[in-house]
Amino acid sequence: MSVVVRFAPSPTGFLHIGGARTALFNWLYARHTGGKFLLRIEDTDRERSTQQAIDAIFESLKWLELNWDNEPVFQFSRAKLHAEVAKQLVEKGLAYYCYCSVDELTKMREESLAKGLTPRYNGYWRDRPVSEAPRNVSPVIRFKAPQNGTTIITDLVQGRIEIDNTQLDDMVLLRADGTPTYMLSVVVDDHYMEVTHVIRGDDHLTNAFRQYHLYKACQWTVPEFAHIPLIHGADGTKLSKRHGALGVEQYKDMGFLPEAIRNYLLRLGWSHGNSEIISTEQAIKWFDIHNVGRAPARFDLQKLINLNGVYIRQADNWRLLEDIRPRLEERTKKRTKMNLVLKGMNGLKERAKTLIELADHATFYLECPIFDDKNDTYTQKSADDNNNRYLAKVANMINYLQILIDLLTTFNNFDYLLIEEEIRKLCKRQELKVGDVVMPARIAITGSTVSPSLFEVMSIFGKDETISRLAAYRDFLSALS
RNA sequence: GUUCCCAUCGUCUAGCGGUUAGGACAUCGCCCUUUCAAGGCGGUAACACGGGUUCAAUUCCCGUUGGGAACACCA
């Protein structure tokens, strides 16, 4: 029998990082086994489900490149079928109508809690004749859960788990308004979608036991379960907004690459020997649900950032340019110089951990960051703080800049290696430190003390732009002193 | 509170009775060097605790402690 898995988020918010991992594991398992990866939107909670959230989930999955098979299933559209199943169970005597009010149920839970028991429904209407039913109350349908014995589930991740059936209470299948609950819907949908493996968050583990009996009551095959541990925040508690339980979209906005996120999420709770950098192809080949760890893992942003740097360095230059183009265009009008960014990409991507950084560092190719277009002058203010250290030695800097200009003016060929060779020769001749000469030029050309190799930058700019920036800064410094 | 799950460096993890307990991120040195990265080399750093079982326990069993999850007419 071929594998069918599904990712079934409820559209009550964005797709968070934990959901993304659940989706990834399902997707990998499907691709690994050559099975199907289905998507089901669990929108039975009409109050909290939004179109916005549905769109966000689709967008996030697409961005992560976790493509699903078949059309997505919207659970609410199948509500009639779900209700039908509930009614059939009543007819078979496997479920019953319950007329308890919300207040009564709350009271019941409080009483159990006071006695030190698990709060749950006490089965008041389980064996009570319908003739006793109050007139003006619309009933819910409850499932008759077994009251004795034990239930055993062999979870693919958690192993064999046994619970006492006294833990199970009679869960609501159909609400008073006739809409199905999650417990009913999942089971019915998973059955009709022919899902063979239910891979989901650990928080559903206890649900599996209740669902198990529902499968049995319907005489359906119980799927394999795999409950993967949740992701925790850096402090070990449940991941919340405070920790970075952000939407996938927000990680995109922070400049992360989808392949970096996939790799990070995969390694969180799963490993393959000493492999850290794992391509998607390798992941598909290696992934097995059986060796997913059982303990929850903490989310470590530093490791994600590091991994992102690795993937940026590996990425194609054109693709990176396209990734940062919107950010660059936001920042400057000089779109004609994008080819310079592309030429400089090898030097730039070596130094960036995120696409934001990459865009930041690339800006100088488009315009000199410390040159203010409006006033047609340089500003010290916009230069980074380090510059001040060098600006203290203005006279020296003017001198070095002039030496460089004189040298570069004689060049016909603006080749990277040639520039380096000649500047080194000059420094040796005049007994100057290469760093002393290079740093003022770096500030003049890139507006910062941090940049890719200056010789590379110069060769990319070419003679005119290089000398023009050097001269402009020289003049600015002269005016200062 | 009740039930279930979990436990190796700060973090993610390898280990599946006998290892100098390995790797990665982070961190700290050094090297390389025009800055910053990247890279190279090296350092600090872990088997929660207590009982068993065994010739031998990080590894198997039990308990303690500590963490987590679930207990809705939410999903």
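We name chains A, B, ... by the order of the sequence lines, and we start the count at 1 in each one.
Paired with A:Asn308 under the rule side chain to side chain contact (heavy atoms under 4.5 Å, CB included), one option of A:Ile261, A:Thr354, A:Asn263 passes, and it is A:Thr354.
In this structure, the CG atom of A:Asn165 is 13 Å from the C1' atom of B:rU3, given to the nearest Å. When rounded to the nearest whole Å, the span between CD1 of A:Ile445 and C1' of B:rU34 equals 12 Å. Atom C1' of nucleotide B:rU13 and atom NZ of A:Lys303 are separated by 7 Å, given to the nearest angstrom. As a whole-Å value, the separation of A:Met397 CE from B:rU35 P is 16 Å.
On a pure distance criterion of 3.5 Å, a polar donor-acceptor pair joins the side chain of A:Ser453 and the base of B:rU34.
Not one N or O on the side chain of A:Asp202 forms a donor-acceptor pair closer than 3.5 Å with the backbone of A:Leu230. One N or O on the side chain of A:Gln158 and one on the backbone of A:His227 form a donor-acceptor pair closer than 3.5 Å.
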Taking N or O atoms only and anything under 3.5 Å, show me the protein contacts with nucleotides 28-31 of chain B, one pair per line.
none

Distances under 3.5 Å between protein N/O atoms and the N/O atoms of nucleotides 57-60 of chain B, please, pair by pair.
none

Residues A:Leu307, A:Tyr311; criterion side-chain contact (heavy atoms from CB on, under 4.5 Å); working and verdict: CA-CA 6 Å; A:Leu307 219 38; A:Tyr311 281 99; 4.2 Å; yes
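Residue A:Arg120 places no side-chain N or O under 4.0 Å from the OP1 or OP2 atom of B:rU3. Look at A:Thr44 and you'll find a side-chain N or O under 4.0 angstrom from OP1 or OP2 of B:rA75. Regarding contacts with the backbone of B:rC6, a side-chain N or O of A:Arg294 is found under 4.0 angstrom from either OP1 or OP2. One finds a side-chain N or O of A:Arg109 lying less than 4.0 angstrom from the OP1 or OP2 phosphate oxygen of B:rC73.
Each side-chain hydrogen bond (donor to acceptor under 3.5 Å, both in side chains) pair with one or both residues in residues 290-302 of chain A, not counting sequence neighbours, appears once here: A:Trp270-A:Asn291. Within the structure, every pair that satisfies the salt bridge (charged side-chain N to carboxylate O under 4.0 Å, His left out) test and touches residues 148-166 of chain A, not counting sequence neighbours, is listed here: A:Arg160-A:Glu162. Applying the salt bridge (charged side-chain N to carboxylate O under 4.0 Å, His left out) rule to pairs touching residues 301-312 of chain A yields A:Glu276-A:Lys303, sequence neighbours excluded.
Counting only heavy atoms from C-beta on, A:Gln167 has its side chain closest to B:rU3 among B:rC12, B:rA69, B:rU3. Closest to the side chain of A:Leu230, out of B:rU35, B:rA69, B:rC12, is B:rA69. Distances were taken from every side-chain heavy atom of A:Ala295 (C-beta onward) to each of B:rC6, B:rC36, B:rA72; the shortest belongs to B:rC6. Closest to the side chain of A:Arg424, from the set B:rA75, B:rU33, B:rA24, is B:rU33. Nearest nucleotide to the side chain of A:Asp300, out of B:rA69, B:rG10, B:rA37: B:rG10. Proximity note for A:Arg442 (side chain, C-beta onward) versus B:rA24, B:rC5, B:rU35: the nearest is B:rU35.
Residues passing the salt bridge (charged side-chain N to carboxylate O under 4.0 Å, His left out) test with A:Arg78, sequence neighbours excluded: A:Asp189. Partners of A:Glu259 under the side chain to side chain donor-acceptor pair (under 3.5 Å) rule, at least two apart in sequence or in another chain, are A:Arg319. Not counting sequence neighbours, A:Asn399 has no partner by the side chain to side chain donor-acceptor pair (under 3.5 Å) test.
Residue contacts shown for A:Asn207 include a base, since a base heavy atom lies under 4.0 Å away. Heavy atoms of A:Pro9 sit nowhere under 4.0 angstrom from any nucleic acid atom. Residue contacts for A:Arg40: at a heavy-atom cut-off of 4.0 Å it reaches no nucleic acid atom on any strand shown. Contact annotation for A:His204: base contact, defined as any heavy-atom pair under 4.0 Å involving a base atom. Nucleic acid contact class of A:Val140 (heavy atoms, under 4.0 Å, all strands): base. A:Ile423 comes within contact range of no nucleotide atom at all, as no heavy-atom separation falls under 4.0 Å. Nucleic acid contact for A:Leu454: base, since at least one base atom lies under 4.0 Å from a heavy atom of the residue. If you check every strand for non-hydrogen atoms under 4.0 Å, A:Ala297 touches sugar and phosphate atoms only. Across all strands shown, A:Cys427 has no heavy atoms under 4.0 Å from either base or sugar-phosphate atoms. Heavy atoms of A:Met183 sit under 4.0 angstrom from at least one base atom.
A:Arg142 forms a cation-pi arrangement with A:Tyr121, by the criterion of a distance under 6.0 Å to the ring centre and an angle within 45° of the ring axis.
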Nucleic acid footprint by protein, nucleotides 38-44 of chain B - heavy-atom cut-off 4.0 Å, B for base, S for sugar-phosphate alone: SS-----
Summary of protein contacts for nucleotides 61-67 of chain B, nucleotide by nucleotide, where a base hit scores B, a sugar-phosphate-only hit scores S (4.0 Å, heavy atoms): -------
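If you check residues 258-276 of chain A against RNA chain B, the residues with a heavy atom closer than 4.0 Å are A:Arg267, A:Leu268, A:Gly269, A:Ser271, A:Asn274, A:Glu276, listed by number.
Ion pairing between A:Asp169 and A:Arg210 holds under the 4.0 Å rule for side-chain N and carboxylate O.
Put simply, the side chain of A:Val140 does not reach to within 4.5 Å of the side chain of A:Leu173, judged on heavy atoms. Residues A:His204 and A:Tyr182 have side chains in contact (heavy-atom distance under 4.5 Å, counting atoms from C-beta outward). Between A:Pro440 and A:Tyr473, every side-chain heavy-atom pair lies at or beyond the 4.5 Å cut-off.
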For residues 51-58 of chain A, please give each side-chain donor-acceptor pair under 3.5 Å, one per line with the distance, not counting sequence neighbours.
unit_1, atom_1, unit_2, atom_2, d
A:Gln51, NE2, A:Asp55, OD1, 3.0

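Atom CG of A:Asn148 is surrounded by 12 or fewer heavy atoms from other residues, nucleotides or ligands within 6.0 Å.
Nucleotides of RNA chain B nearest to A:Leu113 and A:Tyr416 differ in position, and the one nearer the 5' end is that of A:Leu113.
Annotation: A:Phe414 is not in aromatic contact with A:Phe461 [ring centroid separation under 6.0 Å not met].
Pairing for B:rG63 is with B:rC49, a Watson-Crick or G-U wobble pair whose two hydrogen-bonding atom distances lie under 3.5 Å.
Checking A:Thr151 against A:Asn165 by side-chain atom types alone, a donor-acceptor pair falls below 3.5 Å.
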